[in-house]
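Structure first, then comments.
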Amino acid sequence: NTEDVRAPASLETPLSVPNKMLMAAGPSNLTPRAAQAGGLPSLGPMHPETFRLMDEIKEGLQYAFQTKNPVTLCLSCAGHGGMEAALANILEPGDTAVMCKNSFWFDRASDMATRQGARVVPIDVKPGQPLTLEAAEEAVAKHRPRLLFVVHGESSTGVHQSLEGFGAMCHKYGTLLVVDAVASLGGTPLYTDRWELDVVYSGSQKVFNAPPGLSPITFSPRAMEHIQSRKTPCPVFYYDVLSIGDSWGCFGKRSYHHTLPVTLFYALREALALVAEEGLTASWRRHQLAAQRLHDGLERLGLRLLVEKPEHRLATVTAVLLPDNMDWATLLRTAMARHAVDLSAGLGPTFGRAFRVGLMGTNANPKAVDRVVNVLQDVIKNPIAAA
Ligand code: GLV
């Protein structure tokens with residue numbers, strides 16, 4: 001037999017990956033413990049050791065989400081998949097979804113919900129500000145939607161969305177509350193049960209310092225009751241919690257759903273063990289202190305934060321207005337070329353206006369913060385011009 005396509009010469013060279021300090025909005029640096037765990041031998045999706053691993057991850061996630069929800073698991077996809085799964089499991093064609101519109105994530109979520117046949121009603125909120133409970137209630141009372149969508153850790157603008165009272169308010173009107181906690185889970189307080197959140201999803205690559213590719217998600221009993229009584233099945237088989245929940249043992253048995261990315265599970269299991277060892281409250285406090293140190297350092301450099309009120313600032317991602325006479329590409333290029341420090345450009349409403357710094361997991365420490373501030377001082381003084 002002959003080959004029509006030749007083996008590529010590019011694969012003859014050894015794999016080479018630089019070590020960068022990942023201080024952008026994500027992913028964050030892997031902890032050595034997560035990285036090593038990811039290199040352990042593979043296991044099959046129906047092996048008893050895999051079931052035990054999944055049970056341990058579930059318990060770690062219940063801790064991180066602060067929930068007793070039995071339907072707590074990990075989807076084999078990025079946080080975007082978590083968003084798509086949350087919406088696809090709750091929405092049916094013709095349903096109304098009310099969504100806070102103050103960020104890039106509104107664009108994504110409303111696109112997904114519209115593709116799923118829902119009618120999206122935006123609540124307009126100025127980027128850089130959170131949604132108030134009053135504005136949310138006005139929209140929910142008026143439209144009686146199937147769901148209200150909010151982003152807890154709004155990474156495109158650096159806003160911390162308070163969730164207290166939102167769940168109880170939604171439930172008064174028969175609405176389910178869907179929360180994006182991709183950039184916040186583990187780094188800032190979140191109480192799924194106490195705050196009556198119905199679906200919450202996150203990502204493995206942010207505060208947990210695990211590899212990208214897993215999306216933790218939890219469904220409240222109220223959300224499950226709705227899902228079990230849908231008129232139409234979830235439109236995406238891969239994301240249908242009624243079937244993937246079976247592979248996670250959520251409904252009392254175990255069945256094959258898809259070939260699970262077990263080596264990613266090892267890494268997440270170890271990441272969750274680190275969270276449990278430190279304790280969530282200690283982690284929340286560490287992120288808060290690191291963010292305060294960063295914000296003070298940025299202000300000393302004469303930089304301004306996009307989010308004006310300190311109480312609305314997210315600990316894990318900070319949006320910083322671009323200094324005069326500096327474009328985002330020059331800033332990011334200089335930080336990377338001279339210091340191997342990764343920062344994010346603006347996204348959605350902050351594109352071209354701000355850059356973003358992430359303090360996630362082990363990167364939320366005083367040494368890392370001081371390094372970023374020193375790097376920014378140098379970048380502002382000596383930017384590298386475009387080639
Ligand atoms: C990704 O999550 C980002 O906020 O850039």
Side-chain angles (χ1 to χ4, degrees), residues 20-30 64 74-75 77-87 99-112 125 127-130 149-161 178-188 190 200-217 264 268 271 287 290-291 294 305-307 312-322 327-329 331-333 335-336 341-361 363-364 372:
K20 300 179 178 186
M21 189 176 182
L22 303 181
M23 305 302 290
S28 61
N29 291 101
L30 299 182
C74 210
L75 300 165
C77 58
H80 265 84
M83 178 187 274
E84 198 135 40
L87 299 171
M99 298 189 162
C100 173
K101 181 179 180 186
N102 63 352
S103 73
F104 178 79
W105 304 113
F106 164 81
D107 298 344
R108 281 293 149 95
S110 61
D111 185 348
M112 290 175 188
V125 175
Q129 288 185 9
F149 171 81
V150 291
V151 181
H152 182 227
E154 209 305 285
S155 66
S156 67
T157 56
V159 168
H160 171 259
Q161 174 65 54
V178 174
V179 176
D180 178 311
V182 172
S184 59
L185 188 69
T188 191
L190 180 134
V200 191
Y201 60 89
S202 190
S204 48
Q205 77 285 14
K206 304 264 185 181
V207 172
F208 295 144
N209 303 117
L214 293 176
S215 179
I217 191 163
L264 292 182
L268 182 63
H287 282 81
L294 174 70
L305 306 194
L306 181 101
V307 179
H312 295 161
R313 291 177 185 157
L314 180 62
T316 49
V317 182
T318 298
V320 191
L321 295 177
L322 284 162
D327 64 277
W328 64 268
L331 190 145
L332 264 57
R333 182 175 55 244
M336 180 55 72
V341 167
D342 182 38
L343 302 169
S344 285
L347 185 65
T350 57
F351 183 75
R353 255 187 95 197
F355 66 96
R356 296 172 301 144
V357 183
L359 297 175
M360 293 174 171
N363 290 352
V372 169

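Counting convention: from 1, in listed order, for ligands and their atoms alike. Both backbone and side-chain heavy atoms feed into the values below; hydrogens, waters and symmetry mates do not. Along the sequence shown, residues are numbered consecutively beginning with 1.
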Under 3.5 Å between any N/O of Ser344 and any N/O of ligand 1: does that happen in this structure? no
Based purely on interatomic distance, does Trp105 place a nitrogen or oxygen under 3.5 Å from a nitrogen or oxygen of ligand 1?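 Between Trp105 and ligand 1 (N or O atoms, distance only) the closest approach is not under 3.5 Å.
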Heavy-atom distance under 4.5 Å between the side chains of Met336 and Val341, does that happen here?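 Of all side-chain heavy-atom pairs linking Val341 with Met336, none is under 4.5 Å.
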Tell me, do Thr157 and Asn102 make a side-chain contact under 4.5 Å, heavy atoms counted?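 Not in contact.
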Going by the angle between their ring planes, with limits at 30° and 60°, are Trp105 and His80 parallel, tilted or perpendicular?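 Correct class here is perpendicular.
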Within a distance under 4.0 Å of any heavy atom of [X], pick out the atoms of ligand 1 and give their elements.
{"X": "Lys206", "result": "1 (C), 2 (O)"}
{"X": "Leu347", "result": "3 (C), 4 (O), 5 (O)"}
{"X": "Ser155", "result": "2 (O), 3 (C), 4 (O)"}
{"X": "Ala25", "result": "3 (C), 4 (O), 5 (O)"}

May I ask you to decide if Gly158's main-chain N or O and Arg356's side chain share a donor-acceptor pair within less than 3.5 Å?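 It does not hold such a pair.
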Which atom names give the shortest non-hydrogen contact between Leu322 and Gly352, and what distance separates them? CD1-O, 3.4 Å
Identified side-chain hydrogen bond (donor to acceptor under 3.5 Å, both in side chains) partner of Ser28 from the options Thr316, Asn209, Asn363: Asn209
In the protein, what heavy atom is nearest to atom 5 (O) of ligand 1, and what distance, to one decimal place, separates them? Arg356 NH2, 2.9 Å
